[in-house]
Novice: 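Quick one: this structure, given as structure tokens, is what I'll be asking you about.
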Amino acid sequence: MKVSQVPAYLRPGMRGRTVPAMTVAVDVDRLQRDLEAIVGPRRMSLRTVDLETYARDMWPRLLLAYREGGPAALRDAPRPHAVVWPEHVREVVALVKLARSYQLPIVPYGGGSGVCGGAVPLHGGITIDTKRMQQLRSVHTEELICDVEAGMSGERFERELARRGYTFGHFPSSIYCSTVGGWLATRAAGQLSTKYGKVEDRVAGLTVVTGRGDVIETDGPNRALRGPNWTQLIVGSEGTLGLVTSARLRVAPAPQLRVFRGFEVDDVTMGVEAIRRVLQKGLRPAVVRLYDELDTLMNSLGGSDHAPARSRTEAPSPPVATGALPAWPAVEPTREDGVIDRLLAFARGRTTKQVALNAALGNSHLVNKLFGAVAEKVARRGCRLIIGLEGARIRTEVEAALTFHELESLGARDKGEDPGWAWLKNRYHVSYRMSPVFRSGAFVDTMEVAASWERLLDLYHSVREAIGRHAVVMAHFSHAYVDGCSIYFTFAGTAPDARSAERLYDAIWRDGMEATTRVGGTISHHHGVGLLKAPYMQGEHREAMAIYEAAKASLDPDGVFNPGKMGLRDRWAAASPSSHAHARGEYGSAPSPSGVRR
Amino acid sequence: MSGVLPLARELAIAVGADHVEEIDDGAWRVTPGSAAEVAEVIQRASSHRAAVHPVGGGARPVRVAARAADGTPGGAGADRPRIYVSTRRLDQVLQLDESSLLVHAQAGLTGIGLERILAPRGLSIGDYPPAVLTSSLGGIIAVRTPGKSSARHGFFEEAVVGVSAVLADGRSVHTRVAPRRATGPDLARALVGSEGTIGFITSVVLRIHVKPESRLFAAYVLPSIDAAVSAIYLALREEAAPAGMRIYDAAEAAQHFDGLRLPDDHALLCAATAGPTDLAACDRDLITSAVIAEGGQPTETSLAELWWRRIHAGEPTPGPAPTLQIMATPSKLRAVYRAVVRELAQQGGSARAHISRFDADGAVAFFTLEHEGAIADDAIVTAAERAAEAAGGWLLGARAVKLDAYLRALRETIDPHRIMNPGTLA
């Protein structure tokens with residue numbers, strides 16, 4: 001056995017302690033031969049450049065480490081023993097059997113756009129990239145169900161459906177760099193989820209290669225089958241129970257009509273109440289977004305909503321107003337109209353020096369207050385509410401009229417269509433705006449939590465306060481349901497050196513997650529858990545984790561699938577006496593949130 | 001407490017002697033008064049390796065399993081004691097959150113009982129057939145049986161936001177309530193449909209609904225069953241979300257609506273829409289347009305009103321209960337209907353049907369099979385089932401056999417002594 005050190009950046013809040021990551025000593029030549037026998041020489045790699053590439057996903061904490069550590073950070077990072085690109089289920093089965101015989105971990109890998117470290121090969125092993133399983137096999141137009149392979153990219157999937165007159169209705173800002181399988185693994189949500197639901201609401205069945213090396217299919221009408229719902233047990237398991245190779249997903253006819261509008265409300269409380277009333281009336285807008293004062297201010301600084309946005313929309317095909325296709329993202333990487341850029345530009349505008357930026361972000365509680373005051377004094381514009389409906393023409397028209405009427409009767413002020421179209425046009429930008437921030441020396445991340453309506457404002461104030469101690473924080477409310485809503489916090493911080501930046505980053509997450517659990521929210525609405533939130537899974541599920549562990553024991557008896565994630569028992573970590581925290585699902589030094597019983 | 005006392009004594013300690021009843025040799029019915037008492041009963045059962053069988057509100061009589069000569073199902077030997085744990089006393093609403101439209105209710109409360117509490121507040125459990133709601137909430141969600149679906153409010157289990165249950169070792173689990181989450185598998189869904197094998201459900205958090213502003217009804221005659229099915233899916237594609245729809249073939253329509261004579265092969269379609277008045281009217285108009293597009297015509301609205309009253313207000317439906325229920329996805333529905341009718345004709349009998357419970361998965365066809373003037377015998381029913389399956393239909397209550405090994409392994413981990421409802425789902 002070779003014991004390697006997990007680098008510090010993979011141990012949130014665990015500075016100074018050592019978590020050995022044990023990797024099985026592997027006869028690399030033999031492994032190479034065995035993999036070649038399964039997928040051939042061209043669809044596997046043991047080359048350093050590939051192993052380093054597959055050592056990470058888009059978890060901002062990793063970006064932070066790489067920015068500081070450069071290539072050296074890559075050398076220290078755990079990396080897979082091999083990367084393979086299977087094209088067929090039977091190859092995946094053979095790979096699982098091989099991994100079991102070697103007792104090597106398997107890490108499923110889709111687009112690599114995850115933001116929680118879920119695809120980090122903590123103990124090495126075989127990383128299975130699904131991107132060569134990428135066919136939309138069929139669309140059953142009567143059933144409104146399609147059969148799609150897990151590695152298909154979100155953008156291609158949506159375009160293929162659009163070509164046939166359908167939509168999956170799932171538009172995450174990562175649509176250009178995430179896969180269908182990744183969505184299923186994390187219970188992802190798209191921007192139009194209020195109408196179409198999250199991805200788990202749209203799954204009719206899965207084909208899964210389990211840790212036993214079997215292929216199972218979970219299809220079948222719910223009410224005709226007895227027993228637990230295996231589809232819902234596997235969706236969201238982030239590769240810990242098996243590898244989803246294809247799925248039957250529900251599609252909808254492409255929308256015939258889109259209606260978008262901006263409203264203005266006095267404050268968050270009023271906006272939240274308005275959204276609740278609309279949803280509970282039985283109306284189903286596709287998108288509802290309420291920006292808090294700071295987020296509203298940031299949005300307006302770019303001024304992108306003042307020009308008539310529709311005419312500025314680059315010509316997508318079919319037109320953005322009616323088509324199911326996402327608008328092309330504007331290729332203007334240097335223009336500072338992203339939310340985060342604007343935040344930085346705003347801070348910069350006060351003095352042009354980098355030092356001042358650091359000072360501003362560093363004294364975040366002051367900045368939060370300052371921005372609050374600015375928002376109040378200068379803008380006095382309240383909070384922005386974007387609402388959009390789409391779908392079949394007649395029903396959408398009727399629903400839009402009822403929705404707008406309801407909002408106005410609750411005191412929201414109609415700001416016309418432009419803010420709505422402006423949002424639609426810019427909606428994918430956030431995923432492409434992170435690196436400039438990191439390059440500028442700061443860091444930025446997002447925290448998406450959710451709660452029932454009754455607890456929602458509690459959640460908002462508690463988490464805002466918790467993050468606000470450390471960083472500049474703003475929020476919007478999106479993904480609304482009849483019984484509750486999610487809140488998307490964006491925070492930006494900076495610190496004088498790498499170590500304190502990491503410490504700050506960890507403290508933000510620790511306090512934010514604790515605050516969420518304390519007020520009865522869920523720690524993740526759609527980004528998933530991965531490594532980032534693994535320490536908080538016990539607080540989230542408490543004794544119910546026993547059911548997850550039992551499902552794990554059943555579907556992956558050897559524990560080869562994505563070990564060390566999700567707060568599950570990790571056989572490689574458990575093998576080491578110095579890492580009990582790991583075995584208890586407390587990756588790193590899990591904090592014991594006050595008021596949370598473990 | 002670990003097995004030192006006789007089980008009956010321990011049960012009396014757990015729930016009070018008044019709530020323990022010996023119903024057979026080695027079999028007791030206990031009626032705990034709280035989730036904590038359920039946990040205590042199961043903990044004590046576990047130390048005695050006694051089987052724990054949940055009993056709901058009593059919609060169905062308890063069948064005490066005969067003592068197996070060799071190995072009770074579950075394989076723990078012949079002398080395993082059996083405890084029937086009734087949820088009858090767990091019939092309280094624990095919390096009603098009217099702003100989130102969530103209710104936390106104990107498992108023994110029936111759907112009707114809950115509806116009675118909600119109705120005065122202008123709330124409702126949803127447009128589910130009251131026949132289903134006579135069961136306890138724990139039973140409704142623990143067992144997947146047909147009829148728990150509504151076009152407007154979906155499949156009943158989708159209303160389940162959280163479940164509290166006791167595991168085999170007496171631990172209580174409470175799945176956390178959130179509108180949606182991305183924190184691993186939906187653990188509540190492991191308990192829903194598990195028929196008491198993974199955990200004993202003690203309470204459940206359900207999504208509820210505001211009573212609709214308006215209810216509108218409409219009835220139509222269409223030239224064929226196929227046309228009626230097409231009209232429904234046309235309307236659903238236009239995003240109509242009716243509260244209920246039902247297709248009758250001509251023979252069934254004559255049976256259900258005294259004196260209604262449709263031309264041969266024609267079909268009757270009844271629809272109910274609900275919601276804000278404008279939306280309910282919009283949905284009704286969308287259905288009307290779809291019907292006309294498929295060559296149909298509106299007819300007496302009173303037919304649809306009568307249909308709705310029969311389901312939701314307890315007015316009796318004439319004729320025998322359906323003989324056969326087949327679930328079919330949208331593309332198979334017509335073929336399943338034809339296959340059963342053809343099969344009965346070949347057997348010298350006749351089949352009539354109504355098709356109901358339309359949702360994203362499809363719909364359920366309820367057949368009445370007759371032969372020589374009486375209800376068809378089992379042999380003919382079996383033949384009809386085969387014909388329906390061959391045409392792509394699903395018999396309700398089938399099991400995903402391929403996954404049995406996985407369920408078994410899951411149960412072995414969470415219930416190593418196999419005390420939780422042994423013999424079920426095995």
Side-chain angles (χ1 to χ4, degrees), chain A residues 140 142-143 186-187 198 216 220-230 232-237 250 253 280-282 391-392 394-395 398-399 402 450-454 481-485 521-529 537 540-544 546-548 550-551 553-555 566, chain B residues 97 99-102 144 146 148-149 155 157 161 167 171-187 189-190 192-195 198 207 210 237-239 275-276 278-279 282 286 327 329-331 360-362 394 396-400 402-403 406-407 409-410 413-414 425:
Chain A
H140 304 275
E142 260 185 298
E143 318 283 23
T186 53
R187 294 184 170 249
K198 284 181 67 196
I216 60 170
N222 270 336
R223 55 189 157 171
L225 294 168
R226 288 170 65 192
N229 187 324
W230 290 98
Q232 292 298 329
L233 270 174
I234 291 165
V235 170
S237 60
R250 297 188 195 286
Q280 294 188 349
K281 220 172 166 185
I394 294 169
R395 203 158 197 288
V398 173
E399 281 199 54
L402 286 169
S452 61
W453 291 112
E454 197 190 31
Y481 306 90
V482 173
D483 52 333
C485 190
T522 180
I523 57 171
S524 179
H525 175 265
H526 61 270
H527 285 172
V529 174
M537 280 288 277
E540 173 87 0
H541 294 294
R542 294 161 290 182
E543 301 289 348
I547 298 172
Y548 191 3
S554 167
L555 287 152
M566 308 287 287
Chain B
D97 173 355
S99 85
S100 312
L101 294 181
L102 293 172
R144 286 213 178 109
K148 294 177 186 171
S149 195
F155 190 57
E157 73 177 56
V161 186
L167 304 182
R171 263 187 300 175
S172 296
V173 302
H174 311 276
T175 65
R176 192 182 280 277
V177 173
R180 290 290 188 286
R181 51 159 41 93
T183 58
D186 186 340
L187 301 174
R189 287 293 186 88
V192 173
S194 69
E195 305 190 14
I198 293 173
R207 295 190 177 98
V210 179
R237 245 169 211 257
E238 291 298 319
E239 302 194 60
D278 288 357
L279 216 48
C282 170
L286 288 171
M327 150 91 214
T329 59
S331 68
D361 277 342
W394 295 71
L396 295 166
R399 294 225 325 278
K402 291 170 295 185
L403 297 174
Y406 288 93
L407 180 57
L410 193 157
T413 307
I414 205 143
L425 292 180

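Heavy atoms only: backbone and side chains are in, while hydrogens, waters and symmetry mates are out. Within every chain, numbering begins at 1; the chains are lettered A, B, ... in the order of the sequence lines, protein sequences first and strands thereafter.
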Novice: Between B/T413 and A/A553, what is the shortest heavy-atom contact and its length?
Specialist: OG1-CB, 3.6 Å
Novice: Do A/W230 and B/L407 pass the side chain to side chain contact (heavy atoms under 4.5 Å, CB included) test, and can you show the C-alpha distance, the side-chain angles, and the key distance before you say yes or no?
Specialist: CA-CA 9 Å; A/W230 290 98; B/L407 180 57; 3.9 Å; yes
Novice: Can you tell me how far apart CD1 (A/I234) and OH (B/Y406) are? Round to the nearest 0.5 Å.
Specialist: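 So the gap between those two atoms works out to 8.5 Å.
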Novice: Is it true that a side-chain atom of B/E239 and a backbone atom of A/A392 form a donor plus acceptor pair closer than 3.5 Å?
Specialist: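 A pair under 3.5 Å: yes.
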Novice: For A/S554 versus B/L410, what's the shortest heavy-atom pair and its separation?
Specialist: CB-N, 3.6 Å
Novice: Under a 4.5 Å heavy-atom cut-off, does chain B meet the side chain of A/Y481, its backbone, both or neither?
Specialist: side chain
Novice: Between A/R250, A/R187, A/H527, which residue shows the highest count of heavy-atom pairs closer than 4.5 Å to chain B?
Specialist: A/R187
Novice: Identify which part of A/S452 has an atom lying under 4.5 Å from any heavy atom of chain B, answering side chain, backbone, both or neither.
Specialist: both
Novice: Within this structure, what is the CG-CG distance for the pair B/D186 and A/N229, rounded to the nearest 0.5 Å?
Specialist: 8.0 Å
Novice: Measure distances from A/P221 to the heavy atoms of chain B and classify the residue's part below 4.5 Å as side chain, backbone, both or neither.
Specialist: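 When you check distances to chain B, atoms from both the backbone and side chain of A/P221 fall under 4.5 Å.
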Novice: For residues B/A182 and A/V529, report the shortest heavy-atom separation together with the two atoms involved.
Specialist: O-CG2, 3.7 Å
Novice: Going from OG1 on B/T183 to NE2 on A/H525, what distance comes out if it is rounded to the nearest 0.5 angstrom?
Specialist: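 If I round to the nearest 0.5 Å, the distance is 11.0 Å.
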Novice: Measure the spacing between CZ of B/R171 and CD1 of A/I547 and express it to the nearest 0.5 Å.
Specialist: 9.0 Å
Novice: Please assess B/L167 against A/E543 for the test side chain to side chain contact (heavy atoms under 4.5 Å, CB included), listing each intermediate value before the final yes or no.
Specialist: CA-CA 9 Å; B/L167 304 182; A/E543 301 289 348; 5.7 Å; no
Novice: Please check this pair: side chain of A/Q280 against backbone of B/S99, looking for a donor-acceptor N/O pair closer than 3.5 Å.
Specialist: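 Between the backbone of B/S99 and the side chain of A/Q280 there is a qualifying donor-acceptor contact (under 3.5 Å).
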Novice: Could you check which of B/E238, B/R189, B/E195, B/H174 has the highest count of heavy-atom pairs closer than 4.5 Å to chain A?
Specialist: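 Among the listed options, the one with the most contacts to chain A is B/R189.
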Novice: Checking side-chain contact (heavy atoms from CB on, under 4.5 Å) against A/D483, which of B/V177, B/V161, B/D97, B/L101 comes through?
Specialist: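 Going through the options one by one, the only one that passes is B/V161.
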Novice: Using atom types as modelled and distance alone, determine if a side-chain donor or acceptor of B/R176 lies under 3.5 Å from a backbone N or O of A/E540.
Specialist: yes
Novice: Taking atom types as modelled, find out whether B/S331 and A/E143 have a side-chain donor-acceptor pair closer than 3.5 angstrom.
Specialist: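 Short answer, yes.
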Novice: Give the intermediate values and the outcome of side chain to side chain contact (heavy atoms under 4.5 Å, CB included) for residues B/L279 and A/R395.
Specialist: CA-CA 8 Å; B/L279 216 48; A/R395 203 158 197 288; 3.6 Å; yes
Novice: In sequence, state the C-alpha distance, the side-chain angles, and the governing distance for A/H541 and B/L187, and then conclude on side chain to side chain contact (heavy atoms under 4.5 Å, CB included).
Specialist: CA-CA 9 Å; A/H541 294 294; B/L187 301 174; 3.8 Å; yes
Novice: Specify which of B/T175, B/D278, B/V192, B/I198 makes the most heavy-atom pairs with chain A at under 4.5 Å.
Specialist: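 Between B/T175, B/D278, B/V192, B/I198, the count favours B/D278.
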Novice: Check each atom of A/A451 against the heavy atoms of chain B and say whether the ones under 4.5 Å are side chain, backbone, both or neither.
Specialist: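 Looking at A/A451, just its backbone touches chain B.
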Novice: Answer with side chain, backbone, both or neither: which region of A/V235 has an atom nearer than 4.5 Å to a non-hydrogen atom of chain B?
Specialist: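 For A/V235, the contact with chain B is made by the backbone alone.
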Novice: Name the member of B/P330, B/G362, B/A178 that forms the most heavy-atom pairs with chain A at distances under 4.5 Å.
Specialist: B/P330
